[in-house]
**Student:** 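What follows is a structure written as structure tokens; I'll ask about it next.
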Amino acid sequence: MKSIFEQIGGTYILQGDYRLPNLTLPAEDERPISVWGQRRLR
């Protein structure tokens with residue numbers, strides 16, 4: 001019987017005795033920091 005995660009297309013990787021979900025984050029859009037954002041960084 002498959003888990004709900006596997007039913008929607010998810011996969012697992014085996015780490016020792018544990019099955020961990022194979023998750024990846026989507027790439028972030030690189031946007032320039034505004035003037036106010038640059039001031040806040042300082």
**Student:** Not counting sequence neighbours, list each pair that qualifies as a salt bridge (Lys or Arg N to Asp or Glu O under 4.0 Å) and has a residue in residues 23-41.
**Tutor:**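 Pairs touching residues 23-41 that pass the test: none.
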
**Student:** Test: ring pair (Phe, Tyr, Trp, His ring centres under 6.0 Å). Region: residues 21-42. Which pairs qualify, not counting sequence neighbours?
**Tutor:**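 Output for this query is empty, none listed.
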
**Student:** Going from CD1 on Ile13 to CG on Leu23, what distance comes out if it is rounded to the nearest 0.5 angstrom?
**Tutor:**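 Here the interatomic distance stands at 8.5 Å.
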
**Student:** Return all side-chain donor-acceptor pairs below 3.5 angstrom for residues 2-12, not counting sequence neighbours, or 'none' if the list is empty.
**Tutor:**
unit_1	atom_1	unit_2	atom_2	d
Ser3	OG	Glu6	N	3.3
Ser3	OG	Tyr12	OH	3.2
Glu6	OE1	Ser3	N	3.1
Glu6	OE2	Arg19	NH2	3.2
Gln7	NE2	Lys2	O	3.3

**Student:** Using a 4.5 Å cut-off between side-chain heavy atoms of Ile, Leu, Val, Met, Phe, Trp and Tyr, which other residues end up in the same hydrophobic cluster as Ile33?
**Tutor:**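 Besides Ile33, the hydrophobic cluster comprises Leu41, listed by chain and residue number.
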
